[in-house]
Peer 1: 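Could you have a look at this structure, given as structure tokens, before my questions?
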Amino acid sequence: MKISIINGSQKTGESNTECIIERLKSFINKSNEINIYCCGKKQLTSEMFDKIIMGDVIVLMFPLFVHSLPSNTLKMMIELENQIKNQNKKDLIIYTIANNGFYEGCQNNIAFEIIKNWCQHSGVKFGGGIGQGGGEMLVRTKHFPQERDLFKSLTCALQLMAQNMETKKPMEVQYLTSNFPKFLWKFMAVRNWNNVAKSNGLTKKDVLKRL
């Protein structure tokens, strides 16, 4: 089986999306062929689109941007749809993993509606997926001991996705939060933003100022 993983993150360094990709890869059967494509900074080439379309499974991953997909990912999907229709490729299934900086994973629901509509319009099967909240903690906690993993529910969901890929079986969309108290998450988030603002010459008053 040929699996294409498309990374829609615009970060050049290590990203939360990349962190999830590595987790997912560890659960995919080694007999499968995995190809990873990044559309964050550069658009995919026609040769890359051909390889993706001639595969069996697509896994689209991206960070949430204003309750939607990043513009570069949307642009890529327009071209991907054109290629799918031109080659009449109807047996593809697309799984989706979105992560956001909010606490709640359900903040990804609008993005998933966009993906559902795109699949219907493109003629491919919607495979469901995972909407992960608290995404900014993924990279920072990736070296935590397994028994203290704040994203155990994500691990279980990725295992299920990898299993479903083997038979191209859809899964329910799972909206997940981290195993971390919301009040502590909020406290740390505010503290982080204040530190970032300070490093850029801004005060707390500047941050709270209404435009």
Side-chain angles (χ1 to χ4, degrees), residues 1-12 15-25 27-29 32-100 107-132 135 157-158 160-175:
M1 177 178 286
K2 295 182 179 180
I3 300 171
S4 299
I5 298 177
I6 303 178
N7 182 350
S9 175
Q10 294 178 327
K11 288 186 178 179
T12 53
S15 67
N16 302 304
T17 302
E18 184 180 343
C19 186
I20 298 176
I21 289 174
E22 291 304 313
R23 287 192 180 212
L24 176 61
K25 283 172 58 182
F27 299 123
I28 297 176
N29 194 308
N32 295 316
E33 178 183 331
I34 304 174
N35 294 299
I36 300 176
Y37 304 91
C38 299
C39 65
K41 292 294 182 181
K42 295 181 180 179
Q43 283 296 298
L44 306 184
T45 64
S46 57
E47 290 79 9
M48 291 176 178
F49 280 117
D50 286 339
K51 289 183 179 179
I52 292 170
I53 293 169
M54 295 312 296
D56 303 290
V57 172
I58 297 174
V59 185
L60 177 64
M61 301 193 191
F62 56 87
L64 192 71
F65 275 29
V66 198
H67 296 282
S68 182
L69 289 68
S71 60
N72 55 290
T73 306
L74 287 170
K75 184 177 180 181
M76 180 277 299
M77 292 181 71
I78 293 172
E79 181 59 29
L80 180 59
E81 179 181 344
N82 292 334
Q83 297 285 352
I84 289 171
K85 289 182 175 179
N86 288 340
Q87 300 191 33
N88 196 30
K89 182 73 173 180
K90 301 294 184 180
D91 57 343
L92 280 169
I93 182 170
I94 181 166
Y95 298 91
T96 304
I97 303 177
N99 70 88
N100 65 60
Q107 297 283 355
N108 294 293
N109 64 331
I110 295 176
F112 272 93
E113 289 301 317
I114 293 172
I115 299 296
K116 284 182 185 178
N117 291 333
W118 179 87
C119 287
Q120 185 176 11
H121 197 262
S122 302
V124 300
K125 183 186 292 185
F126 174 66
I130 304 166
Q132 179 65 55
L158 291 174
L160 176 61
M161 179 179 287
Q163 292 172 6
N164 286 6
M165 284 182 196
E166 294 296 327
T167 55
K168 301 175 72 171
K169 177 183 176 183
M171 62 183 287
E172 293 291 330
V173 177
Q174 298 188 30
Y175 295 114

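We use all heavy atoms of the structure for the numbers below, so side chains are in, but hydrogens, waters and symmetry mates are not.
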Peer 1: Can you establish whether the number of heavy atoms outside Lys51 located under 6.0 Å from its atom NZ is more than 12?
Peer 2: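 No, NZ of Lys51 has 12 or fewer neighbouring heavy atoms, counting only those of other groups under 6.0 Å.
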Peer 1: Which heavy-atom pair separates Met165 from Val59 by the least distance, and what is that distance?
Peer 2: CE-CG2, 3.3 Å
Peer 1: Do Glu166 and Asn32 pair up side chain to side chain, a donor and an acceptor below 3.5 Å, judged on atom types alone?
Peer 2: yes
Peer 1: If you measure from SG on Cys38 to CD1 on Ile21, what distance do you get to the nearest 0.5 Å?
Peer 2: 6.5 Å
Peer 1: Nearest 0.5 Å, please: how far is CG in Leu24 from SG in Cys19?
Peer 2: 12.0 Å
Peer 1: Sequence neighbours left out, what passes ring pair (Phe, Tyr, Trp, His ring centres under 6.0 Å) with Phe49? Give chain and number order.
Peer 2: none
Peer 1: What is the minimum heavy-atom distance between Gly8 and Cys39, and which atoms define it?
Peer 2: CA-SG, 3.8 Å
Peer 1: Would Asn16 and Gln132 satisfy side chain to side chain contact (heavy atoms under 4.5 Å, CB included), going step by step from the backbone distance to the final call?
Peer 2: CA-CA 10 Å; Asn16 302 304; Gln132 179 65 55; over 6 Å; no
Peer 1: Under a 4.5 Å cut-off applied to non-hydrogen side-chain atoms, are Asp50 and Gln87 in contact?
Peer 2: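 Yes, side chains in contact.
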Peer 1: Looking at every non-hydrogen atom in both residues, tell me the closest pair between Ile130 and Phe112 and how far apart they are.
Peer 2: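 Minimum heavy-atom contact is O-CZ, 3.3 Å.
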Peer 1: Around atom NZ of Lys169, are there more than 12 heavy atoms from other residues, nucleotides or ligands closer than 6.0 Å?
Peer 2: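 It does not: Lys169 NZ has 12 such atoms or fewer within range.
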Peer 1: Considering only heavy atoms from C-beta outward, does the side chain of Leu69 approach that of Ile115 to under 4.5 Å?
Peer 2: yes
Peer 1: Apply side chain to side chain contact (heavy atoms under 4.5 Å, CB included) to residues Lys2 and Asp56 and explain how you reach the verdict.
Peer 2: CA-CA 5 Å; Lys2 295 182 179 180; Asp56 303 290; 3.9 Å; yes
Peer 1: Check whether any side-chain heavy atom of Ile20 lies under 4.5 Å from a side-chain heavy atom of Leu158, and answer yes or no.
Peer 2: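 Yes, at least one pair of side-chain atoms sits under 4.5 Å.
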Peer 1: Supply the atom-to-atom distance Gln174 CD to Ile97 CD1, rounded to the nearest 0.5 angstrom.
Peer 2: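 Reported to 0.5 Å precision, the distance equals 10.5 Å.
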Peer 1: Are the side chains of Val124 and Trp118 in contact, using a 4.5 Å heavy-atom criterion?
Peer 2: yes
Peer 1: What is the distance from atom CD of Glu18 to atom CD1 of Ile5, rounded to the nearest 0.5 Å?
Peer 2: 11.5 Å
Peer 1: Closest approach of Thr17 and Asn99, non-hydrogen atoms and distance?
Peer 2: OG1-ND2, 3.1 Å
Peer 1: How long is the span from the CD atom in Gln10 to the CG atom in Asn72, to the nearest 0.5 Å?
Peer 2: 4.0 Å
Peer 1: Only distances under 3.5 Å count here; give the side-chain donor-acceptor pairs of residues 73-82 to other protein atoms, sequence neighbours excluded, each with its distance to 0.1 Å.
Peer 2:
{"unit_1": "Glu79", "atom_1": "OE2", "unit_2": "Gln83", "atom_2": "NE2", "d": "2.9"}
{"unit_1": "Glu81", "atom_1": "OE2", "unit_2": "Lys85", "atom_2": "NZ", "d": "2.9"}
{"unit_1": "Glu81", "atom_1": "OE2", "unit_2": "His121", "atom_2": "ND1", "d": "2.4"}
{"unit_1": "Asn82", "atom_1": "ND2", "unit_2": "Ile78", "atom_2": "O", "d": "3.3"}

Peer 1: CD1/Ile93 to CD1/Ile3 distance, rounded to the nearest 0.5 angstrom?
Peer 2: 11.0 Å
Peer 1: How about CD on Glu172, more than 12 heavy atoms from neighbouring residues, nucleotides or ligands closer than 6.0 Å, or not?
Peer 2: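 Counting other residues, nucleotides and ligands, CD of Glu172 stays at 12 neighbours or fewer.
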Peer 1: As a quick check of understanding, evaluate side chain to side chain contact (heavy atoms under 4.5 Å, CB included) for Phe62 and Ile6, giving each step before the final call.
Peer 2: CA-CA 8 Å; Phe62 56 87; Ile6 303 178; over 6 Å; no
Peer 1: I'd like to check Asn29 versus Met1 (side-chain heavy atoms, cut-off strictly below 4.5 Å). Are they in contact?
Peer 2: no
Peer 1: Is the shortest heavy-atom distance from the side chain of Asn164 to the side chain of Met161 under 4.5 Å?
Peer 2: no
Peer 1: Could you pull out the closest heavy-atom pair between Phe126 and Val173, with the gap in Å?
Peer 2: CZ-CG2, 3.9 Å
Peer 1: On a heavy-atom basis, which atom in Ser4 and which in Ile52 lie closest, and how many Å separate them?
Peer 2: OG-CA, 3.6 Å
Peer 1: Please walk me through it: do Asp91 and Lys168 pass side chain to side chain contact (heavy atoms under 4.5 Å, CB included)?
Peer 2: CA-CA 10 Å; Asp91 57 343; Lys168 301 175 72 171; 4.3 Å; yes
